[in-house]
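What follows is a short report on a single structure.
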Protein chains: 2
Amino acid sequence: MTATASLPGIADPVYSRVRERIRQDIFSGYFAPGARIPTAALGARYGVSQMPIREALQQLQGEGLVTIAPNRGASVRRVDARFISNIYDIRAALEAMMVSRAVETIGDDGMFALYAAERRFEEAASRGDTGAAVAANLEFHDAVFPLADNPEAVDVIARHAELLQSLRRRFGYGPHRMAAIIAEHRQLLRAFEQRDAAAAALVVKTHCEHAKRDLVVQAGFAAPEAEKRA
Amino acid sequence: MTATASLPGIADPVYSRVRERIRQDIFSGYFAPGARIPTAALGARYGVSQMPIREALQQLQGEGLVTIAPNRGASVRRVDARFISNIYDIRAALEAMMVSRAVETIGDDGMFALYAAERRFEEAASRGDTGAAVAANLEFHDAVFPLADNPEAVDVIARHAELLQSLRRRFGYGPHRMAAIIAEHRQLLRAFEQRDAAAAALVVKTHCEHAKRDLVVQAGFAAPEAEKRA
DNA sequence: AAGTGGTCTAGACCACCTT
DNA sequence: AGGTGGTCTAGACCACTTA
């Protein structure tokens with residue numbers, strides 16, 4: 001028996017570690033959206049050959065994080081208001097579907113996890129700790145989605161949400177968004193308590209719609225004129 | 001200017017052509033679901049080195065067609081009843097979302113394309129030509145989805161639908177399915193005529209639900225006991 | 001007309017499975 | 001222990017873009 005731990009990630013193939021490294025470099029802003037990702041430079045930066053880097057990039061293309069053009073290589077996926085809108089529309093549709101299922105299958109332990117995540121989110125929000133709030137928000141969602149028993153849908157959301165999360169980390173939430181999120185989460189909790197699948201689905205859809213608008217504004221793709229348009 | 005045609009696919013890189021070749025070999029049944037895909041054998045079969053094959057496989061993994069395990073290589077994605085169900089649930093959610101949009105944006109030309117595709121589908125169905133029916137069915141969907149102006153959602157559906165299409169080609173439709181599809185399509189056309197987004201969304205959801213059940217039965221994952229269960 | 005950078009090949013390395 | 005097959009490296013090739 002070897003001494004290598006069973007922990008994943010430390011003994012993974014090079015292309016796998018490189019993939020995570022590139023992902024990190026994209027999220028940290030080292031590679032900005034739209035920027036080329038030259039394999040030779042990455043080979044020097046990471047200390048490996050070009051082929052595992054190419055493989056990592058192919059995988060990241062599958063996740064939608066980068067785009068690859070024949071004979072022109074990889075670039076970080078460009079994000080604009082339309083892309084953000086489309087991704088949030090996908091999330092709204094899938095999360096509504098999953099929440100409807102989760103309402104019917106959730107048990108006491110699931111409800112407990114939901115309450116705990118929500119409490120952590122509200123604490124982070126009251127401290128103004130955006131990083132902790134984003135984390136707790138993810139935790140909240142991660143407590144709901146597995147209950148729908150549709151890992152493929154969870155995967156689709158996770159892949160597309162990555163770019164949005166990096167934007168969220170960079171730009172944060174709008175001034176009134178935190179309070180709105182708390183209110184919307186509590187609405188969702190109430191729908192769960194009452195086992196009201198339709199209400200939960202509706203809450204999630206409006207939740208995503210509001211999150212979309214807030215992120216578009218925060219990322220600077222649109223003026224906040226919609227706040228008081230009447 | 002070169003003499004190379006602007007047609008894509010003929011002058012693409014090797015990994016791109018290999019990717020389509022593998023896709024073909026999966027759909028044709030040369031690689032059955034769950035089967036290993038050895039790179040060395042493919043190198044001999046396609047006459048290329050192993051690396052472009054690896055890249056093609058990484059891309060196909062991104063599409064969900066194959067799975068890659070570290071140090072164990074690629075295998076064709078295994079499909080079971082639960083996977084089929086999950087994919088159809090994703091399709092139902094996304095297609096309902098997109099159809100709701102399409103109802104609001106469709107014009108006369110779009111309606112014309114819809115009628116034409118439906119007519120071709122019904123002709124193929126009356127001839128009992130399953131292959132032409134599958135093609136016309138795709139055509140019908142392709143006439144609707146672009147109207148939603150959400151290429152990311154179209155992409156998600158297309159990627160996941162590929163495996164289902166191959167199953168459909170292999171196993172065909174159930175005895176009463178053709179007539180039901182025609183009825184459901186006509187319901188959808190009526191919803192489009194009346195610009196009723198909610199009705200269209202509902203039709204699409206039940207359409208996907210029925211298609212799911214039929215495919216699960218046709219693929220041999222479940223007995224057709226649900227036909228008369230009351 | 002070089003130069004840049006993506007793409008491909010051949011072979012060596014190494015992890016895992018079989019005898 | 002040996003074999004099978006996935007993984008990685010170094011270098012050559014070639015498409016596209018600079019001047």
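Protein chains get the first letters and strands the later ones, always in sequence-line order, with residue 1 at the start of each.
- The side-chain hydrogen bond (donor to acceptor under 3.5 Å, both in side chains) contacts involving residues 21-31 of chain A comprise E20(A)-R23(A), R23(A)-E63(A), R23(A)-E162(A), D25(A)-R45(A), D25(A)-Y46(A), Y30(A)-R45(A), where partners must be two or more places apart or lie in separate chains.
- Evaluation of the salt bridge (Lys or Arg N to Asp or Glu O under 4.0 Å) rule for E104(B) yields no partner, not counting sequence neighbours.
- With sequence neighbours left out, the side chain to side chain donor-acceptor pair (under 3.5 Å) criterion links N150(B) to no other residue.
- Identified under the ring-ring contact (aromatic ring centres under 6.0 Å, His included) test for residues 82-121 of chain A, with sequence neighbours left out: F121(A)-H185(A).
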Heavy-atom contacts, protein to nucleotides 1-10 of chain C, under 4.0 Å, summarised as B (base), S (sugar-phosphate only) or - (none) per nt, yield -----SBBBB
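- The stretch residues 31-44 of chain B participates, sequence neighbours left out, in no salt bridge (charged side-chain N to carboxylate O under 4.0 Å, His left out) pair at all.
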